[in-house]
Amino acid sequence: MKKLFYFLLIITMMVSFGFEKTTDAVAKPINVVIDVAHGGSDSGAVIKGISEKQLVEQLSKKIKSSNQNVQLHFTRNDDKTLSLQERAAFINTLKPDLVLSIHINSNRDTNKSGLEIFTAQEENEFSQKSTEIAQKLSSKLSENDFLKGNELRKAPFYILKKTNAPAILIELGYLSNENDFKYLTDTNTQNKIANSISEFISDLGK
Ligand SMILES: [Zn+2]
């Protein structure tokens with residue numbers, strides 16, 4: 001009986017060591033949510049027949065992870081209406097490592113232009129992490145010389161406030177500004193923005 005006990009003990013130890021090895025070898029996957037803004041009945045900004053919802057969808061579809069340890073999730077893949085509450089609920093079920101909400105701005109003042117990066121105004125447990133990631137994203141995006149501005153700001157946006165994760169909202173430029181309109185609607189510059197975001201996200205898993 002005693003022999004059987006030791007035998008079982010050794011088997012148990014071997015099995016648990018085996019499992020430990022497996023968990024060591026596989027790193028924890030990093031989950032990133034791309035919040036594709038607006039959609040469906042909500043067009044967002046519209047200038048000269050071009051809408052924010054279609055541009056952010058186009059651009060988001062070009063964002064890919066080249067790192068198998070980084071998993072991408074999208075709040076929408078097609079032109080559907082999604083409330084902010086539905087987006088936050090989807091995100092909070094996933095409990096991701098980062099939320100990146102992608103928007104395009106518009107203003108009556110057509111001189112207003114450039115990229116803006118926002119984190120939540122209200123302090124929460126993710127504030128420091130969000131700011132840290134926003135700073136890195138800002139310097140990554142500034143590699144594209146056509147993107148001007150690039151300032152970090154705080155805002156009381158719902159999606160930043162209601163998600164339980166580090167969260168950043170980017171306004172890629174002003175559709176109402178002639179120069180920004182060009183790079184926001186041009187396939188080549190759209191690809192460059194998407195590539196920068198893809199590289200940035202893929203690097204999070206390194
Ligand atoms: Zn928007």
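For ligands, and for the atoms within them, numbers begin at 1 and follow the listed sequence. Remember, it's a predicted structure, so these values are computed and weren't measured experimentally. We number each residue from 1, following the sequence as shown.
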Taking atom CD of E151 as the centre, does the number of heavy atoms from other residues, nucleotides or ligands within less than 6.0 Å exceed 12? yes
Residues K53, E57; criterion salt bridge (Lys or Arg N to Asp or Glu O under 4.0 Å); working and verdict: CA-CA 6 Å; K53 69 166 184 178; E57 191 183 317; over 6 Å; no
Kindly write out the residues that satisfy side-chain hydrogen bond (donor to acceptor under 3.5 Å, both in side chains) with K62, not counting sequence neighbours, or none if the list is empty. Q190, N191
Other residues, nucleotides and ligands only: do more than 12 of their heavy atoms fall within 6.0 Å of NZ on K161? no
Looking at F146, I'd like to know if the NZ or CZ of K192 sits under 6.0 Å from its six-membered ring centre while staying within 45 degrees of the ring's axis. no
Report for the Zn ion (ligand 1), protein N, O or S closer than 2.8 Å, by chain and number, lists H38 NE2, E52 OE2, H103 ND1
Would you tell me whether D35 and T75 have side-chain atoms, one donor and one acceptor, within less than 3.5 Å of each other? yes
